[in-house]
There are 2 protein chains.
Amino acid sequence: MPKRSPPKQSGKPARQAVQARSLATVEAILEAAARILAEAGWAALNTNIIAKRAGVSIGSVYEYFPDKRAIVDEILNRHLARGEALFRESANDLNSGPQPVDIVRVLVSGFVTLHRDDPHLHQVLSSEVALTLEQKMRVAALRANTIKRVALALADHSDNPHITATLLVDTADALSHRWLVDAAGTPASEKIMTNELQKMLYAYLTCEP
Amino acid sequence: MPKRSPPKQSGKPARQAVQARSLATVEAILEAAARILAEAGWAALNTNIIAKRAGVSIGSVYEYFPDKRAIVDEILNRHLARGEALFRESANDLNSGPQPVDIVRVLVSGFVTLHRDDPHLHQVLSSEVALTLEQKMRVAALRANTIKRVALALADHSDNPHITATLLVDTADALSHRWLVDAAGTPASEKIMTNELQKMLYAYLTCEP
DNA sequence: TCTTTATCTGAGCTTTTGCTCGACAATCGG
DNA sequence: CCGATTGTCGAGCAAAAGCTCAGATAAAGA
């Protein structure tokens, strides 16, 4: 007869934390994994190291995560969730018929906020960790929604809002990513560059050829 | 007494191909590795698979490459070499006091050419394979040189050529990468987007606030 | 307090995979 | 044509890393 009721019978179901200490264990595991990734990269990440750094045993890791990938997935999911939340907040700032300056400012400051968070970790996540199909679709959906929302705000300022919005969004995302994430450690002149980025997007929006 | 003279004594020196058939073996190995990366990603790449797909034995792989990483390094080095060659060619197009339109056109078409080559492979290389410090420095140097060259051409068209050139280069690189590499398989409207990209860069260069 | 449930432990099993090595085959030089 | 050199082969070794499990400990419940 089975000795334990809830844990697992043959390698599958992960335990759901209920007591406070187990909650802390889960967080310690996630934090340890994130720090190892940020400091040493994906190649250095293994479950034994995670357990040691989190101050728990390897067994505990597998009580809460079915496998190694699930740990990284949770880190990734939390980042995506922050992006989605930030999108919802920023969308409000585009409600009352904003002018080009406002649109550009909201867009750039939004991506800067997103990319300022734990740059080393996200550098590794974006350049060393392969996303699952589901995660790729979630990223694509967030991008599509952002473009759609910006296109709406651009209705009076462009004769092809969707294309214009695509340029604005992709540029703000890619450049803030490059300066804040890829160049993490080269603080250079974040202020100057983001300011210049706004100038470029504004020029694109307002200048007639 | 040692049986073989050149091969290796204790695991280090890789053989240098001299006969035609061994040259073909090396190319087959590199091609197989590239195809596996492009089709299945870094996680699916192992030396036994590479050998099988290349139609050679695992022993042959280690005759020409000291370890697995060296195979990927060679693929990476060839791509970097193409980028550097393309830079030298394009630099010539910026010699005779080019106008903003010319500068933008050369820049965008250069990055488009670079990113059109084997998009799936390079998507994996840029999002799953960790670069060595040396490779990162080589990429940084190429970027710095490109910016410097563009800044020179901009001398008469900007009061801060270096900052302006940084925006132009990083934007052209990042956006063409996103549309041609990340979105590989979504051919969408490459023509339209790169055209719009040129419009944006041109507006930034020529419009006064 | 005593039972039950929740959580934690870590030695070690198992699988994966990078890589070696001794033998064999092809090509070349003279 | 016949050594010498270059190139090929693939079973299997060894290390790394993912993961399991039986039992110990802590908290909750009665």
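Each chain gets a letter, A, B and so on, in the order its sequence line appears, and its residues count up from 1. Every value quoted in this text rests on a predicted model; they were computed, and no experiment measured them.
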Would one find a side-chain N or O of [X] under 4.0 angstrom from OP1 or OP2 of [N]?
X     : N      : answer
B:S60 : D:dC9  : yes
A:T25 : C:dT7  : no
B:Y62 : C:dT20 : no
A:T47 : D:dG18 : yes

Salt bridge present between [X] and [Y] (N-O < 4.0 angstrom):
X      : Y      : answer
A:R138 : A:E134 : no
A:R35  : A:E31  : yes
B:D173 : A:R178 : yes
A:E74  : A:R78  : yes

*asked:* Pick the closest DNA chain D nucleotide for B:N48 and for B:S57 by heavy atoms, then say which residue is nearer the 5' end.
replied: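 Whichever sits nearer the 5' end wins; that is B:S57.
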Mind checking if [X] touches a base, just sugar-phosphate, or nothing, with heavy atoms under 4.0 Å?
X     : value
B:F65 : nothing
A:N46 : sugar-phosphate
A:V61 : nothing
B:S22 : sugar-phosphate
B:I49 : nothing

Rounded to the nearest Å, what distance is computed from the [atom1] atom of residue [X] to the [atom2] atom of nucleotide [N]?
X     : N      : atom1 : atom2 : value
A:R21 : C:dT5  : CZ    : C1'   : 11 Å
B:L23 : D:dG7  : CG    : P     : 9 Å
B:W42 : C:dT17 : CH2   : P     : 12 Å
B:I36 : C:dT17 : CD1   : P     : 12 Å
B:I29 : C:dG18 : CD1   : P     : 14 Å
B:D67 : D:dA15 : CG    : P     : 17 Å
A:Q16 : C:dT5  : CD    : C1'   : 16 Å
B:Y64 : C:dC19 : OH    : P     : 18 Å

*Of the nucleotides D:dA17, D:dC9, D:dA11, which has the atom closest to the B:I58 side chain?*
D:dA11
*Counting side-chain heavy atoms from C-beta on, which of D:dG18, C:dT9, D:dT8 comes nearest to B:E63?*
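Among the listed nucleotides, the one closest to the side chain of B:E63 is D:dT8.
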*asked:* For B:K68 and B:Q19, find the nucleotide of DNA chain C closest to each by heavy atoms; which residue's nucleotide sits nearer the 5' end?
replied: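 Nearest-nucleotide comparison on DNA chain C picks B:K68.
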_Shortest non-hydrogen contact from B:I50 toward B:A32_ = O-CB, 3.8 Å
_Would you say CD1 of A:I192 has more than 12 non-hydrogen atoms from neighbouring residues, nucleotides or ligands within 6.0 angstrom?_
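Count not over threshold, so no.
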